[in-house]
Amino acid sequence: MSTRLFAFFILLMLFGIQTVFFSFKNELDGKQELEFEIASLRKEIEREKAKTEIAHYELDSFKQKVAMVLPQNIPQQDYSVRNIASIVSETKPLDIKAKLQFSLIKKTYLKNEFDKAAIELKDYTKTYPESPFVLEAYYLLTMSYYKSSQLESAMKTVDILVEQFPDSEMTGLGLLVMGDILRKQERYDDATEIYKTVKKNFSYPELQKQADAKLEASKI
């Protein structure tokens, strides 16, 4: 009799354990399903954020293209939002990652975080050497070095602009920066030669005007 009672007791315990197990399993499955839904929502949010970044980038690009056909001054020391006509290329689209990365780097530069921008721009020129924005990246790299007092690095970057993009307006702007650096170093004759080179070899009116102004200011 006691054996039957013991067996019955064991069966009850097994039934109770099984009930608790399935209850826990169902709760765990529900938790996993909820976590999966949360992960899916997070991915969707990231996709939407990426779409938003692209939309902002495309809007900036549109503004730049409009600005290219409008007569306006190009400040040498402060970066203009507009893009120079000579750097625009429509031969092939950038992939999404390259577009977003360059857009984010420009934001870093425009927030005056020049040391950080210099590091990111240098990396960008190595990662995307065929990008239609690589010229603009080199110009911003020049200015980032200049504004963070890395003057030798700035002049080396201008050399790259001259070598790879000799006819670009941004190269002319970079040369004017080089002239300013030479003046800071009290190499006045070298600076004057740079200003004369810009005046002689670049036909852009704003560059001509700036070169004339700097040559006049260099006179004693």
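Here, residue 1 is the first one in the sequence, and each next residue gets the next number. Because the structure is a prediction, the values reported are computed rather than measured.
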Practice task
Please check if Tyr188 and Tyr195 belong to a single hydrophobic cluster, counting links between Ile, Leu, Val, Met, Phe, Trp and Tyr side chain heavy atoms closer than 4.5 Å.
Solution key: no
Practice task
Name all residues meeting the side chain to side chain donor-acceptor pair (under 3.5 Å) criterion together with Glu186; count only those two or more places apart in sequence or in a different chain, and write none if there are none.
Solution key: none
Problem - Contacts of type side chain to side chain contact (heavy atoms under 4.5 Å, CB included), residue Asn201, not counting sequence neighbours - result: Thr197
Exercise for the section: Not counting sequence neighbours, which residues clear side chain to side chain contact (heavy atoms under 4.5 Å, CB included) with Gln164? List them please. Expected result: Tyr138, Ile160
Practice task
To the nearest 0.5 Å, tell me how far Ile105 CD1 sits from Leu110 CG.
Solution key: 12.0 Å
Fill in the blank from the handout: Rounded to the nearest 0.5 Å, the OG1 atom of Thr125 sits from the CG atom of Leu140 at a distance of 11.5 Å
Handout entry: Any side-chain heavy-atom pair of Lys209 and Tyr204 under 4.5 Å
Key = no
Handout entry: Presence of salt bridge, Arg183 and Asp190, under 4.0 angstrom
Key = no
Problem - Side-chain touch Asp180/Lys184, heavy atoms, less than 4.5 angstrom - result: no
Exercise for the section: Evaluate the criterion side-chain contact (heavy atoms from CB on, under 4.5 Å) for residue pair Glu136 and Phe102; output intermediate values, then yes/no. Expected result: CA-CA 10 Å; Glu136 187 177 8; Phe102 188 69; 3.5 Å; yes
Exercise for the section: Under the salt bridge (Lys or Arg N to Asp or Glu O under 4.0 Å) rule, collect the residues that match up with Lys199, sequence neighbours excluded. Expected result: Asp212
Problem - Contacts of Asp123 that satisfy side chain to side chain donor-acceptor pair (under 3.5 Å) - sequence neighbours left out - result: none
Exercise for the section: Name all residues meeting the side chain to side chain contact (heavy atoms under 4.5 Å, CB included) criterion together with Ala117; count only those two or more places apart in sequence or in a different chain, and write none if there are none. Expected result: Thr108, Tyr109, Leu121, Ser144
Exercise for the section: Search all heavy atoms of Ser168 against all heavy atoms of Leu135 and return the closest pair with its distance. Expected result: OG-CD2, 3.2 Å
Problem - Partners meeting side chain to side chain donor-acceptor pair (under 3.5 Å) with Gln150 (sequence neighbours left out) - result: Asp115, Ser148
Exercise for the section: Can you sort out the partners of Asn112 under side chain to side chain donor-acceptor pair (under 3.5 Å), two or more places apart, ordered by chain and number? Expected result: none
Problem - Approximate separation, where rounding is to 0.5 Å, of Lys106 NZ and Lys111 NZ - result: 14.5 Å
Exercise for the section: Could you pull out all residues at least two apart from Phe165 that satisfy ring pair (Phe, Tyr, Trp, His ring centres under 6.0 Å)? Expected result: none
Practice task
Kindly indicate whether the side chain of Lys97, heavy atoms from C-beta on, has any atom under 4.5 Å from the side chain of Tyr128.
Solution key: yes
Practice task
Just jot down the side chain to side chain contact (heavy atoms under 4.5 Å, CB included) partners of Ile181, sequence neighbours excluded, or say none.
Solution key: Tyr146, Leu151, Ala154, Met155, Val177, Gln185
Practice task
Is it possible for you to say whether Tyr139 and Ile119 belong to one hydrophobic cluster, with membership spreading through side-chain heavy-atom contacts below 4.5 Å?
Solution key: no
Exercise for the section: Give, for atom CD1 of Ile194 and atom CG of Leu175, the distance between the pair rounded to the nearest 0.5 Å. Expected result: 5.5 Å
Practice task
Apply the side chain to side chain contact (heavy atoms under 4.5 Å, CB included) test between Val198 and each candidate in Thr171, Leu173, Leu176; give the one that qualifies.
Solution key: Leu176
Exercise for the section: Could you tell me which residues satisfy salt bridge (Lys or Arg N to Asp or Glu O under 4.0 Å) with Asp159, sequence neighbours excluded, listed by chain and number? Expected result: none
Handout entry: Exam field: side chain Thr127 to backbone Tyr124, donor-acceptor pair closer than 3.5 Å
Key = no
Exercise for the section: Say whether, by atom type as modelled, one donor and one acceptor occur between the side chain of Gln208 and the main chain of Phe202 under 3.5 angstrom. Expected result: yes
